[in-house]
Asker: 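Can you keep this structure in mind? I'll have questions shortly.
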Amino acid sequence: MRACRLVNCRILTEAGPVAGAELAIEDGVIRGLSEGAAPVVDLDGALVAPGIVDLHGDAFERQIMPRPGVYFDMALALADTDRQLLANGITTAYHALTWSWEPGLRGTKHAREFVAALEANRARLGCDTKLHLRWEVFNLDAAEEAQNWIAGGRVDLLAFNDHTPGMVAGSRGPAHAAKIAERTGLAAADFAALLDRVWARRDDVTAANAALAAAARARGIPMASHDDRDPADRRRFRELGCTLCEFPMTPETARTAREGGDHVLMGAPNAVRGGSHLGLMSAESSVRAGDCGVLTSDYYYPALLQAPFALARKGAADLAALWGLVSGGPAHAAGLADRGRIEAGKRADLIVLDDADTGPVRVKATYVAGRKAFAA
C-alpha cells in the first residue's frame, strides 16, 4: 500500500484556495483530509492544485525532429517529452499526432512508428499519456487503417483536421509553403504535384469522415473538429458526433458551440502571449465571454501551467475558475470522471506549486496517481 499525507499546504478547490490544509493519499487515490499513520510531507505553505489535463499537445514533434530532416529515436523523444510534461504540471496528456497524406513528419510511416513507440513505452512514462489522432480528412488512402486503429482501441480522441484547402489556395503564402516543404522533405514542384492528386479526390472526403466518426462513436471515443470556420461548420461536425470544438476561428462559431452544449478548446499559448500568433480569435476574449471551457498546450507545454495565472492577473476570472480550464474542464470534455478535482475518491493527480513570486509559476512536485513522478 502506497500512502502519504501532504500537510501545511493551500489546496486549490473549485471555491478557491483552502489554507492550512492536509491531504491524504492512499493507493493512488485521494482519501480526503485525515490524520492516519502515513508518511508526512510538509509542503511549507505551497499551493496544491489538481493535475493538468492536456487534450491537445503537439510540441513532441520538436523532440522527434528538432531541425528540418533531423530525426531522433521515438522512445528517446517520448521520454524527453514526458519530463517536460511533468515539469509543467501536466499529469494527463493527449499527444496530438497528425496523420496526413503528406510524407515525412506527419505521414503514414511516421504515424505507425509513433503509435508503436507510444504503446511500447507507455508503462515507462510518468504522465498518463494518451493518443489524440489528428486526422487530415484528405488522407483517404489510410482511412481504412485509421478505422482499424479506432476499432482496436489505439485511439483515445479523434479530431478532424482539414488543412488541404488552405494549401491549395496558398492562403498563408511562401513562408507557410516553405515550412511544409521542410517537414515533408519534398521539393516544391513535387509537393505541388502531390497536392493536385490529393485535391482531385475531394468528393470522397465526406463519406470517409462519416465512416471514421461511426467507428469512434461505436467505441465511445470523444471527437473534435479543428479550426471550425463558421457556425455552419460547427453544426455539421456536431452532427457527426464531434462535441469538442478546437480553436474556432470566430466568436460566433465559439458561441454556437457553447450554446449547443459543446466544449470550446483554445490554445494556452494564445492566452499567455495575449493573442493568436496567426491573428485569429483571442483566447482571453473567449474566456471572458464564457465560451472557452478548455485550454490546451497546443504547440508549447509551459503555457498551459502559466495561462490561468496570467489570465487571473488580467482579471479575466478568479484563479479557481480559470484552473478549471486546464483540469476539471478538459477532464469532463474527454469523459475522464476520475480526475480534474481534489476530492475524496478521485485519482491523486496533484501538482505542488510555488506561486510566491511575480515571475512564472514553478512546479515543485508532480504526483500522478499518488506517485511522485517529478520533483524540482
Side-chain angles (χ1 to χ4, degrees), residues 1-54 85-92 126-128 268 272 287 295 302 304-332 336-376:
M1 181 178 70
R2 194 169 64 240
C4 69
R5 279 196 301 135
L6 306 181
V7 304
N8 188 18
C9 59
R10 292 169 293 134
I11 295 176
L12 186 58
T13 71
E14 292 179 325
V18 177
E22 296 187 7
L23 195 61
I25 300 172
E26 184 179 306
D27 289 340
V29 175
I30 297 169
R31 296 301 184 193
L33 308 181
S34 67
E35 293 296 330
V40 172
V41 181
D42 189 331
L43 296 181
D44 194 25
L47 181 66
V48 178
I52 294 173
V53 178
D54 186 12
L85 293 165
L86 295 169
N88 285 289
I90 298 171
T91 54
T92 302
C127 182
D128 187 7
V272 171
V287 170
L295 289 173
L304 199 47
L305 169 65
Q306 305 301 327
F309 294 92
L311 292 172
R313 287 192 291 267
K314 294 179 180 179
D318 63 49
L319 180 61
L322 292 165
W323 197 260
L325 301 178
V326 303
S327 190
H332 175 62
L336 302 176
D338 63 342
R339 67 197 75 185
R341 296 192 303 278
I342 297 178
E343 60 182 47
K346 299 292 186 186
R347 270 174 59 113
D349 289 351
L350 305 164
I351 52 177
V352 182
L353 300 173
D354 179 358
D355 62 338
D357 298 328
T358 56
V361 175
R362 186 173 67 94
V363 175
K364 300 177 71 173
T366 301
Y367 292 80
V368 180
R371 182 179 66 86
K372 185 185 281 187
F374 170 81

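Please read all numbers here as calculations on a predicted model, not as lab measurements.
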Asker: With rounding to the nearest 0.5 Å, note down the distance linking CG in Leu305 to CH2 in Trp323.
Answerer: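 So the gap between those two atoms works out to 5.5 Å.
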Asker: If you round to the nearest 0.5 Å, how far is CG of Leu86 from NZ of Lys372?
Answerer: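 Nearest 0.5 Å value for the NZ-CG distance: 13.0 Å.
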Asker: Restricting to non-hydrogen atoms, name the atom on Thr91 and the atom on Asp349 that form the minimum distance, rounded to 0.1 Å.
Answerer: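 So the two residues come closest at OG1-CB, 3.7 Å.
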Asker: What closest approach, in Å, do Asp42 and Asn8 show between heavy atoms, and which atom pair accounts for it?
Answerer: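 For Asp42 and Asn8, the tightest heavy-atom pair comes out as OD1-ND2, 3.0 Å.
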Asker: Give the C-alpha distance, both sets of side-chain angles, the deciding distance and a yes or no for side-chain contact (heavy atoms from CB on, under 4.5 Å) between Thr13 and Arg341.
Answerer: CA-CA 7 Å; Thr13 71; Arg341 296 192 303 278; over 6 Å; no
Asker: Rounded to the nearest 0.5 Å, how far does CD1 of Ile25 lie from CZ of Arg31?
Answerer: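 Between atom CZ of Arg31 and atom CD1 of Ile25 there are 11.0 Å.
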Asker: Taking all non-hydrogen atoms of both residues into account, name the closest pair between Ala376 and Val363 and its distance.
Answerer: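 Smallest heavy-atom distance, with atoms named: CB-O, 3.5 Å.
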Asker: Can you confirm whether Asp128 sits close enough to Arg339 that some side-chain heavy atom of one is under 4.5 Å from a side-chain heavy atom of the other?
Answerer: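 In short, these two side chains touch, coming nearer than 4.5 Å.
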Asker: To the nearest 0.5 Å, how far apart are CG in Asn88 and CZ in Arg362?
Answerer: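 Output value for this atom pair is 12.5 Å.
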Asker: Over all heavy atoms of both residues, which pair between Ala320 and Glu14 is shortest? Give the atoms and the distance, please.
Answerer: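 Taking Ala320 first and Glu14 second, the nearest heavy atoms are CB-O, 3.6 Å.
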Asker: Going through the distances and angles, do Asp355 and Arg10 end up as a salt bridge (charged side-chain N to carboxylate O under 4.0 Å, His left out)?
Answerer: CA-CA 11 Å; Asp355 62 338; Arg10 292 169 293 134; 2.7 Å; yes
Asker: Are Tyr367 and Val352 close enough that some pair of their side-chain heavy atoms sits under 4.5 Å apart?
Answerer: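 With C-beta onward as the side chain, the pair touches.
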Asker: Please report the closest heavy-atom contact between Pro308 and Leu322, naming both atoms and the distance.
Answerer: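 For Pro308 and Leu322, the tightest heavy-atom pair comes out as O-CD1, 3.4 Å.
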Asker: Quick one: CZ on Phe374 to CD1 on Ile90, what's the gap to the nearest 0.5 Å?
Answerer: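 These two atoms lie 12.0 Å from each other.
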Asker: Are the side chain of Asp27 and the backbone N or O of Val29 linked by a donor-acceptor pair below 3.5 Å?
Answerer: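 Absent.
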Asker: Within the supplied structure, the quantity of interest is the number of heavy atoms (other residues, nucleotides, ligands) at a distance under 6.0 Å from Asp44 CG; does it exceed 12?
Answerer: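 12 or below, so no.
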Asker: Could you tell me the separation between the CZ atom of Arg313 and the CD atom of Gln306, rounded to the nearest 0.5 Å?
Answerer: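 Output value for this atom pair is 7.5 Å.
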Asker: Any side-chain heavy-atom pair from Leu353 and Phe309 closer than 4.5 angstrom?
Answerer: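 Yes - at least one pair of side-chain heavy atoms lies under 4.5 Å apart.
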Asker: Does any N or O in the side chain of Lys346 come within less than 3.5 Å of the main-chain N or O of Ala337, such that one atom is a donor and the other an acceptor?
Answerer: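 A pair under 3.5 Å: yes.
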Asker: Taking all non-hydrogen atoms of both residues into account, name the closest pair between Leu12 and Pro50 and its distance.
Answerer: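 The pair with the smallest heavy-atom distance is O-CD, 3.8 Å.
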Asker: Report yes if the side chains of Ser327 and Ile52 come closer than 4.5 Å at any heavy-atom pair, otherwise no.
Answerer: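 Ser327 does not reach Ile52 side chain to side chain.
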Asker: Apply the test side-chain contact (heavy atoms from CB on, under 4.5 Å) to residues Ile11 and Leu6: give CA-CA distance (whole Å), side-chain angles for both, the deciding distance (0.1 Å), then the verdict.
Answerer: CA-CA 10 Å; Ile11 295 176; Leu6 306 181; over 6 Å; no
Asker: Contact between Leu350 and Ile30 at the side-chain level, heavy atoms closer than 4.5 Å - yes or no?
Answerer: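 They are in side-chain contact.
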